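Every chain is numbered from 1, with letters handed out A, B, ... down the list of sequences. If you're wondering where the values come from, they're calculated on a predicted model, not measured in any experiment.
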Amino acid sequence: MKPLLEIESLRAGYGAINVLWDVSLTVEAGKTTVIVGPNGAGKTTLLRAVMGLIPVEGGDIRVDGASRRGAKTWDTVASGIVMIPEGRMIFPDMTVEDNLMMGAFPRGCRRDWKRNKEMVFEMFPRLVERRHQIAGTLSGGEAQMLAIGRGLMEQPRVCLIDEPSLGLAPVVVDEIFRILGRLRDQGMTIVLVEQNTSRALKIADQVYLMQSGKVVMSERGDRVDLDRLHALYFAHETAA
Amino acid sequence: MKAVVLIAVLALAYVGVPLVFGGNAYILGLIVAALTIAGVSVAWALLGNLGGMVSFGHAAFFGVGSYVSAVLAMKLGVPVFAAMVLGGVGAAVASVATMPALRLKGPYFALAMLAYAHIFQILATEMTPVTGGAGGLLSIPRFPTVMGVEFGEKTGGYLIVLTIVVLAALAYDAIRRSAWGLALKAMHDTEQATRVVGVPSTHLKAAMLVLSAFITGVVGAFNAHFISFLQPDYAFASTWTVLPIAAAIFGGYRTVWGPVVGSLAIYLLDQLVFKELMPHGHQLVLGALLCVMILFSPGGLMPLLVRRRRRKKEGVQAHAHA
Amino acid sequence: MFELILQALFSGVLAGGYYATVAVGLALVFGTMRVINLAHGELVLLAAYIAYAAESRYGMNPVAAIPFALLIVGATSAAIYGLLSRIEEDREINSLILTFGIGIILTNAILMIWAADIHSTTDAWFQDSMVIADTLFAMRAEVVFFVGGLALMAGVYWWLNHSWQGRAVRALSSNRNAAKLMGVNPRQTEVLSFLLAALLATFAGIAIYTGKTIFPALGHVMTVKAFIITVLAGLGSIPGVLVGALMIGVIESLTVTFFSASLQELAGMILFLVVLFVSPSGLFGGRKALAR
Amino acid sequence: MLTLEGVQVRFGGVQALKSASFSVAEGETIGLVGPNGAGKTTLFNVISGVVKPTEGRLEFRGRSLLTLPEWKRARLGIGRSFQIPRPLGHCTVRENLIVAQRFGAGTVDPERIDEILDILNLAGKADRDATTELALTEHKALEVGKALATNPSLLLLDEVLAGLETNSKRAFMERLAAVRERFRLAMVVIEHDIPTVTALCPRVLVLNFGQIIADGTPDAVFRDPEVIRSYTGEAAA
Amino acid sequence: KEFLLGSELPLTGNLARVGQGMHEGIAVAIEMANRAYAGKHSFKVSTIDDETNPAKAVAAVERLIGDGAVALTGGYGSNIIGPASEAAQKAGVVYITSGGVTPELTARGYPTFFRINNSEGYAKAMIGLLEDMGVKKVSVVYLNKDATTNLAKQVQSALSAKGVTVGMHEFDAATSDFKPLLNKVKLQDRSEAIAMVGYENDYVGILRAAKVLKPQVKAVVGVWSLATAQMAKEFPDLMENVYGTSMLPYPVEFTQPEALEFAAEYKKLFNKEPDYLGQFGYVQTRLLIDAIVRAEEAGTLAKGGLADELRRTDAQTLIGRVTFDAKGDNTNFSHRMGQHQTGKVVLVWPKDAANGAMRFPGVPW
Ligand SMILES: Nc1ncnc2c1ncn2[C@@H]1O[C@H](COP(=O)(O)OP(=O)(O)OP(=O)(O)O)[C@@H](O)[C@H]1O
Ligand SMILES: Nc1ncnc2c1ncn2[C@@H]1O[C@H](COP(=O)(O)OP(=O)(O)OP(=O)(O)O)[C@@H](O)[C@H]1O
Ligand SMILES: CC(C)C[C@H](N)C(=O)O
Ligand SMILES: [Mg+2]
Ligand SMILES: [Mg+2]
């Protein structure tokens, strides 16, 4: 199958601090790609670079074979690649409902916003109660749900998700993974960054392990062994 | 190294400037006016940079300081130097009345101070028996001659205002280096977070407000005795707020000496150069200068100077190694 | 007595309408970029002077001059945006100085082009008396622009709260990176609201030119007043601007009626402080995130 | 050492806490769990003084806290972290800790600061700008650091372990436990990861809709059907 | 011999407009003096903008003196003239003005300070006109600045002494809507005349409000900056029948040769009819120049004889006879009142200067 998203020798970081060192990975259409790795490995940074939130210093990002290096975030979004950031990235001064509606901002999504909103409310009933609340006053977990719901309003082709389970109650984490599974079944391409490795591996088609800004392992999902993976984390840590 | 530069500059200011410009009342007058602005500018930056409170009403303290001092000297015969300090105290007391505004943040605080400035101005206009009303006070006592130095004259006035500005800047620097300074810096956008680690943020802010008001009041009092005239319109004029702010940011309000450098640069450039080139619309050039500065050196003039110097120094070192 | 109070209230409301039309553009820009445009009053004044030029040179009706004024004010506003968007560090403070500098430039340019004289429309239609129910007197321009201003404000309010672009404007000011992730093009969106602010400024300028007198120093005066009202409103709130402006207008006119006209500023300022001390983020700005 | 009784908080129409009562003994470690939006963070806000309760009693070592401002509570020995990290503005990581130590503990002890940096794995980032140059988990670590630097006797940790990868989480917990022993700290830990809670806390409180619905050992609490239904879900059971 | 005169004026800032007006008069005086003394002496003026700011006015004075100005002419606004003339006094240099009328300026008794007009002269004219009208109830609407308050109080006490009921209404410079104030005049005072003391935009605001509310008054009277060609041109609908102080009618009907020359020169330089600001600026400067020449010829100029020479002035000028008392005030000064009549300004008070009849009662609406 032809890769949908290809990242080749990507270098990126924050000003003088470089974080990603020649990261290469491919994401195939309709598959779920899971990226794991210790804290500070550069997973979030990678997603940011793909979205054009931080400048790319070297290497290339290709979508459907065409280079998107240096593309503007909003153009990337318009082409159907969407990132669901962690819960701090909501619009704190707007209501929950307005936050969700912003998810439907890309032109193609506006038509269906009502239906999508109902869908999100169904996934996270908690948000229904809070629909008129200013998002900045939500609890941490509620904000996380909002960020996820808002991202799904964008009807993405490719969805990059950064630690969706962060700060959520176990029941809700279950729900999140159910939803991810369902989306995968519906054919959505998913790139998932997650610390809850055991849960993530269950839905992974392909797994990448990142460490200190590099990809140190790439494996098909069904071949990854959890213990071996954790051993790898550890091995690196002692070596460092 | 830094101390050496400072001492050299101060020596130049205290000895060189009077020697060179002593005979030129015009130039010296301009320098005094620039330093007057610099005094307010330092006080404003102290509150703005350390306290994180941008005020649009420093004219309030300037005006109160000048009126308190002038009235004390004129009506109660208080010696002028003592009156000047009491002017500062008066402004500090007035700042207590503005303390409810400490609850406010950002532009809310800024404009609340502007409202106070307006209110004080109107009070000064209405309290005719004490302040002379709209007509104001003419022939305010000048600084006396002490040990042969005529403080009432240009050079004497220059020495006074220079001393005020230097003391203010040194006080600012001392606070900035202290633990208080660090806590104040930490407070800016995250006051709540500093409070839960034990910082009594409101007290610190109040202290900065009082200090800033005091300095501004002393400068206002100096100005009243120096130009020997007061009127509500003038004492509380928005220029006493606007110019120091522009100067502070122009010079670099996050540095201690930036406001001083900025005031001297803006005022003297405007009056000596731009006015010469364009007698009528010279402020236009000033406006353009402000814009250009912000766009090309957002940290102000001071960082620009320091950066330049540092780069040179690095160059020298590289040479030495080679 | 009754008549006196009634007229005072009426005049106050109309005056408030003026304040609101000037302030609303400032509030919009603040809502968009968290930037206080200290040149906003000067933009209003610029529009007024263009109307003056059109009327005195070509005998044009001030209202007919709106398109020309809009063109120039819009271009100026867009230029201001262009400069503002280049500021990266310390945006809040630095933008103050930048727009303040632009304000100085505009004021002095106006002074140089049109001199310091005061001007106002010579078209008596605008200044004719309108009498309502035999007791309320107003200048026609006041009523016309009050109604027009309300309509315009309602439009802006609707746009901000219910249109996709308007929502994008708010999102952008709330969290810039997140807005980009929603597919918002920041430049395009911000330019749009600066142009809208220019439209509001133009409208206010024509209103001022037809109902009041203009002179170069007026720009700064209007900026300060608009700023005060914007803050009173709760930064970025359009209904707040209207309510705040009306409050100021009415309290000023009541002070004139029952005390003295020289105390009206005092009354306005005290009202301002009282509102802030009761509600530290203005009339309509009270909704802020708490700690977590 | 800490006693809450009938604490109630409402925000407009939202009742975030309805009559919450419990106490914490010296040196005790308590896990605080509950569904999202149950009021856990609000509870911390009440204890640390960030939010004023609408009703209720709040005592620390026999002294009512209600009238004390946040900074006085901090000086009494209540340290807390924020769920959404709040690094002190324009300061480096080290400066954050210096401010907390100087004002919260009233001492100047650079060695202790180095020790805290070590415990939290922040030594390498000590001179970074804390507001803009840290990753989320580093921010969370700094939250703990600020609280520790005030020399607390009661430490309130709000989801500081969330987002840590399994190994680091374990390592972090071990270090926390060591700190707890050394300084005889009492701790209340909000955490959604049940194994973590079980490992760290001998006692667990479950909050739901602003009320404490269960209080006991982890084993007992996580078997409670009400807790399973509202919080842990079948999967974890 | 060439003489340098200094002039410090507000060319920007709040008073820019009036400063410009005086500036024009000074320029005309210099032109005319150069012609009159051609071959013997020549004059130059160096003007510095004080930006409507006292400190900058002081700096300007010092600068001008430093540059060698023999005397200073100009200044506008009593509050700015105060410190500026003090700086001149310190340097022992003559300062002559027509821009500051408050009594406090001359009360200081500076030997170097001179002015050709004063508050009393304006008050006299306003009071005289109102008395001639025979109105019994007057509302005085005045700006809360020093010069304006002073004048308003003088009018009040003089009229009250004559048994006229006077309603006093103070306003602030920030006032832009005068309707509430005028409504008080209309419904509470029910007066027969409105006396305004302020500046141009205040007058326009007051008249606009009056035009809307239409109080039952018989006359609207103001002082400076009102009965001018400029106002007639800019606000034709507001000015009709309004009175203001004016030395000369408009269009100017000059009879004296000096006045004719002045008008011609003004027209040549600025392409407009001279207004009162120009007239005052001209007169003060011309008197100064004449005194300089006298002092020069007497050989006392360098020895500080200019002030004495000025004090000896006794001249018939565009604004009437001018002499100076010990404190530098022109005690002869009495203004005249003009009325806007169909685009012209007709002098209506005092009788002997009048060139037309007063339209009374008459208001702009
Ligand atoms: N804004 C920033 N400025 C400078 N450095 C940053 C910034 N954000 C992150 N970093 C650094 O980049 C490195 C990678 O951070 P990143 O957030 O990508 O890690 P991550 O793999 O997502 O880790 P985590 O599991 O903690 O989320 C870290 O060392 C961090 O300190
Ligand atoms: N200022 C506020 N206005 C309105 N509602 C608020 C406000 N602050 C908090 N809330 C609501 O109060 C409830 C309790 O919030 P809290 O942050 O205490 O939850 P939590 O238990 O910490 O949840 P989480 O596990 O998601 O962090 C939430 O539903 C939240 O939306
Ligand atoms: C008549 C005017 C020249 C008076 C001047 N406005 C003053 O302030 O004194
Ligand atoms: Mg991450
Ligand atoms: Mg929480």
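The two atoms that bring A:A169 and D:P35 nearest to each other are CB-CA, 4.1 Å, heavy atoms only. Contact record, A:S139 with D:G37: OG-N, 3.3 Å, taken as the closest heavy-atom pair. Taking all atoms of both residues into account, the shortest heavy-atom contact from A:G167 to D:A162 is N-CB, 4.4 Å.
Atom CZ of D:F22 has more than 12 neighbouring heavy atoms from other residues, nucleotides or ligands inside a 6.0 Å radius. In A:Q186, the CD atom is crowded: over 12 heavy atoms of neighbouring residues, nucleotides or ligands sit closer than 6.0 Å.
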Handout entry: Intermediate values then yes/no, side chain to side chain contact (heavy atoms under 4.5 Å, CB included), D:R229 and A:V171
Key = CA-CA 9 Å; D:R229 196 194 53 76; A:V171 255; over 6 Å; no
Handout entry: Verdict with reasoning, D:L164 to A:Q195, per side chain to side chain contact (heavy atoms under 4.5 Å, CB included)
Key = CA-CA 7 Å; D:L164 284 181; A:Q195 288 299 1; over 6 Å; no
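With a threshold of 4.5 angstrom between heavy atoms, A:T197 approaches chain D through side-chain atoms but not through N, CA, C or O. For A:Q133, the part lying near chain D is the side chain, with the backbone staying farther off; criterion is any non-hydrogen pair under 4.5 Å. Heavy atoms closer than 4.5 Å to chain D are found in the side chain of A:E163, but not in its backbone. With a 4.5 angstrom heavy-atom cutoff, D:T132 does not touch chain A via any of its atoms. When heavy atoms are compared at a cutoff of 4.5 Å, D:L134 does not approach chain A at all. When heavy atoms are compared at a cutoff of 4.5 Å, D:E133 approaches chain A solely by way of its side chain, counted from C-beta outward.
Taking CD1 of D:I84 as the reference point, atom CG of A:L138 lies at 9.0 Å (rounded to 0.5 Å). Rounding to the nearest 0.5 angstrom, the gap separating the NE2 atom in D:H192 from the CG atom in A:L168 is 7.0 Å. For the atom pair CG of A:L166 and CD of D:E159, the computed distance is 7.5 Å after rounding to the nearest 0.5 Å.
Of the residues considered (D:N121, D:V33, D:T137), D:T137 shows the highest number of contacts with chain A, using heavy-atom pairs under 4.5 Å.
The one candidate from D:K169, D:K140, D:E138, D:E165 that meets the side chain to side chain contact (heavy atoms under 4.5 Å, CB included) condition with A:N39 is D:E165.
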